Amino acid sequence: MFENIIYLDNAACTRLDERVLEVMKPYFFNIYAVATSEFGYSMGIEAKEALARSRESIASKLDANSEEIIFTSGSTESSNTALKGVAMALKEKKGKHVVASKIEDFPVLNTAKVLEGQGFSATFLDVDPEGFVDLEELKNAITKETVLVSIQQGNQEIGTVQDLKAISEICEEKDVLLHTDATHSFTRLPLNVKELPVDLITMSAHTIHGPRGIGALYIRKGTPITKFMDGGFQEFNLRAGVENIPSAVGFAKAVELVTEEENKRLKAMRDRIIDKALSEIPEVTLNGSREKRLPQNANLTFHYVEGESVTLHMDMRGFAVSTGSACFSRSLEASHVIRGIGGDHERAHGSVRFTFGRYNHIEDTDAAIEAMSEIVARLREISPLARK
Amino acid sequence: MKFPYSQKVLEHFKNPHNVGQIENPDGKGLEGSPACGDMVAVYIKVNPDTKVIEDIKFESYGCASNIATASIITDLARGKTLDEAKKITWKQASEELGGLPPIKAHCSVLAVEGLRAAIRDYEEKHGLITEKEPTTEEVIRSRLKHVMNPLTGLDIIRTNLILKTSIENGVVRVVVDLPANHQFAPAIKEDIMEKLGSLWDVERVDVIFTA
């Protein structure tokens, strides 16, 4: 049914790579035991080794140790664990204050808000018109009470890549823990925990052609953290629950399959669609930074048209894209990210996000712009704003 | 495919009827606000003798629900007298379209309000407001409920942006709780002037910002 669709919403979810599925299969049908201890039975030991290998493989991508990686159900759980876990561990010893940027994704933003309701205070940092956190503002926001700073590596909507090095240095200097949500940047951008003093990192498989429902959290050795899911002793006693071994194996394979060459391909598609949109369609604004952006993300506002109308017309022509328009979301709230970079509702309303993945081709960009050009022209014809 | 929209909504969205402007319309209504998203303009040509809407067009800056409702509303109003057209409701439009998602009601209600505003504009311009009730603070506040607060996407009354309103000798004063140099101040001012300026006994509208 969707064979011919040109899918440009890879930030939401990616198509599973068949090679990932192949390595997962045995862990459903053959080695389906849970990871047992050393003196268990052979199938369980085999499963345990597969889990360890997967952990090792993900850890090595960050230059971390494998015991610093725990598997979770995805980004949401990873960020919840990071924020709530550290907050609970340090609230008596250090204080009750967290810092995040205003344009964080919902798992961080809403977790920080929940902490606010539990007696913590939270500072949400403004960002500049390109989406960058002001480093001076960050410095000033950190107090003796601050237990954690959470600032993403790359933004989910506008793709802006933060200066994580400078941010981590500030946190190190101020002796405060740093969490980064790398859901959209893990494997797409360099991230090395030996080089950067980041303490916790959220990762997910669903953005890199791995299975959905599995993610990981890097926790630097020695980081105070309280487990918030109680049960068994899995994942170094930090995350209870039967291990999702097929998915962990799939996640590791997905990580292995991302190459520098692929990231260059994504970047070429990103640059082409941005260049074409800005040069071929009148009154278009790029959202986010032109240079420091995720290789797979392009986000543009097509002024005087409404995003939901654009996505529906694009769908009718066989393209899947996403928008920050209020009408597109169930909450009827315009994108907090576009609002965060100082955009008004009109700018958020007309924003369209194109995110590329392994199964896109450079020709997809031309086809998408051709369709966009016609759709935007048509919608502008009927828009009372366009003629002003 | 199971979109939250009916096939008929999608058809009207894809090929909306009565799209465009009418040069020198007899009546014009503009609802919604550019800064906060959805906006509909409705234009009508009215036969002065029969009071029948002979031509009707709309423009929309909105989502599928908004465009489809404007399309069906203009279909329903064409050929009807002003009095008949005034009675067209959102519910009727929704039924004609095979249902609209409840969450999108506010997007589509704008089209109905646009039509009513165009009719009211015609009536006010042609001295057809027979009852000619004097404009009161209550009337002012009810009209201001159609001015959006772009900061929230809700109207300026509900979001407590209006500190004070008054009317004296045909001069309306509206005090808005925003600094005059706020990015949305000009858009809000223009919208307020438009909503209140056409009232039969209003000669001037003063919009005052707090700082």
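Just so we're on the same page: letters track the sequence lines, and every chain starts at 1. Keep in mind that what you see is a predicted model, and the values were worked out from it rather than measured.
Using a 4.5 Å cut-off between heavy atoms, B:Ile67 touches chain A through its side chain atoms alone. Contact annotation for B:Lys14: both backbone and side-chain heavy atoms come within less than 4.5 Å of a heavy atom of chain A.
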Report task. With side chain to side chain contact (heavy atoms under 4.5 Å, CB included) as the test, would you mind laying out the steps for B:Val19 and A:Glu381 before giving the verdict? Result -> CA-CA 9 Å; B:Val19 166; A:Glu381 258 174 45; over 6 Å; no
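For the pair B:Phe13 and A:Leu312, the tightest heavy-atom approach, listed with the atom from each and the gap, is CE2-CB, 3.5 Å. Of all heavy-atom pairs spanning B:Tyr61 and A:Tyr304, the tightest one is CD1-O, 3.3 Å. When all heavy atoms are compared, the tightest approach of A:Glu308 to B:Ala64 is OE1-N, 3.0 Å. Closest non-hydrogen pair, B:Gly62 versus A:Ser309, comes out as O-OG, 2.7 Å.
Around the CD atom of A:Glu370, the shell of radius 6.0 Å holds no more than 12 heavy atoms that belong to other residues, nucleotides or ligands. Residue B:Lys145 places its NZ atom among 12 or fewer non-hydrogen atoms of other residues, nucleotides or ligands, all under 6.0 Å distant. For CZ of B:Arg173, the number of neighbouring non-hydrogen atoms (other residues, nucleotides, ligands) closer than 6.0 Å is 12 at most. The neighbour count for A:Arg212 CZ, taken as heavy atoms of other residues, nucleotides or ligands under 6.0 Å away, does not exceed 12. Around the NZ atom of A:Lys292, the shell of radius 6.0 Å holds no more than 12 heavy atoms that belong to other residues, nucleotides or ligands.
A 4.5 Å side-chain heavy-atom check between A:Glu306 and B:Asn66 finds every atom pair outside the cut-off.
Among the candidates B:Gly20, B:Ser60, B:Ser65, B:Pro16, the residue making the largest number of heavy-atom pairs closer than 4.5 Å to chain A is B:Ser60.
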